[in-house]
Amino acid sequence: VSYQIAFRTKSRALEELNGTPEKGFSKIASLFQNIKNADPDTHYFIKHDSDKRFLFAVLVPGMSIRISSSLRKVASIDAAHCFGQYHGILFALVMLDAQDHIVPIA
């Protein structure tokens, strides 16, 4: 079995198991809406380009909004670079509460 045939077979098998990246990106809106339905204070924003391709999304949990006045005034931003077919950066914004617990903000 050649490398190319093995690679294509593996890629098709993974696509059958996990779906395509496009299908995963298309589910973000329904995922965020389900989170908002569970917690109406949650806010989110999803941006697409003119061809309706996903560009970025922001999710702010309602819990973070409700307790924001009791958080310390120092925020930490971390980023993870994503590699593969779709390059990008995953940002996370967190703050500390009065008991030094990490609270996700966005």
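Please read all numbers here as calculations on a predicted model, not as lab measurements.
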Do Asn37 and Ile35 come close enough that some side-chain heavy atom pair is under 4.5 Å? no
In terms of heavy-atom contacts, Ile46 and Ala29 come closest through CD1-CA, 3.5 Å
When every non-hydrogen atom of Asp49 is compared with those of Arg53, the smallest separation belongs to OD1-N, 2.8 Å
task = Start with the C-alpha distance between Arg72 and Asp97, add both sets of side-chain angles, then the distance that settles salt bridge (Lys or Arg N to Asp or Glu O under 4.0 Å), and finish with yes or no.
result = CA-CA 6 Å; Arg72 295 185 183 184; Asp97 66 7; over 6 Å; no
The reported gap from CD1 in Ile65 to CG in Asp39 (rounded to nearest 0.5 angstrom) is 8.0 Å
(Q) Test of understanding: clusters of I, L, V, M, F, W, Y form through side-chain heavy atoms closer than 4.5 Å, transitively. Do Leu59 and Phe45 belong to the same one? (A) no
Residues pairing under ring-ring contact (aromatic ring centres under 6.0 Å, His included) where one sits in residues 15-36, two or more places apart or in two chains, turn out to be Phe25-Phe54, Phe25-Tyr86, Phe32-Tyr44
Query raised in the report: Should the heavy atoms of other residues, nucleotides or ligands under 6.0 Å from CD1 of Ile102 be counted, would the total exceed 12?
Result: no
Check your understanding: Any side-chain heavy atom of Arg8 sitting closer than 4.5 Å to one from Ile5?
Key -> yes
Here the gap from Ser70 atom OG to Gln99 atom CD, rounded to the nearest 0.5 Å, amounts to 8.5 Å
>> If hydrophobic clusters are built from ILVMFWY residues whose side chains come within less than 4.5 Å, do Phe7 and Leu14 share one?
In response: no
Cluster membership besides Ile105, Ile/Leu/Val/Met/Phe/Trp/Tyr side chains within less than 4.5 angstrom, sorted by chain and number, is Met63, Ile67, Leu71, Ile77, Ile89, Phe91, Leu93, Met95, Val103
- Query: Do any N or O atoms from the side chain of Ser64 and from the backbone of Val60 form a donor-acceptor pair under 3.5 angstrom?
  - Reply: no
**Asked** So, do Leu96 and His101 sit near enough that their side-chain heavy atoms are less than 4.5 Å apart?
**Response** no
Give a yes or no on whether the backbone of Lys36 and the side-chain of Thr42 come within a donor-acceptor separation of less than 3.5 Å.
no
field: Ser76 side chain vs Val94 backbone, donor-acceptor pair below 3.5 Å
entry: no
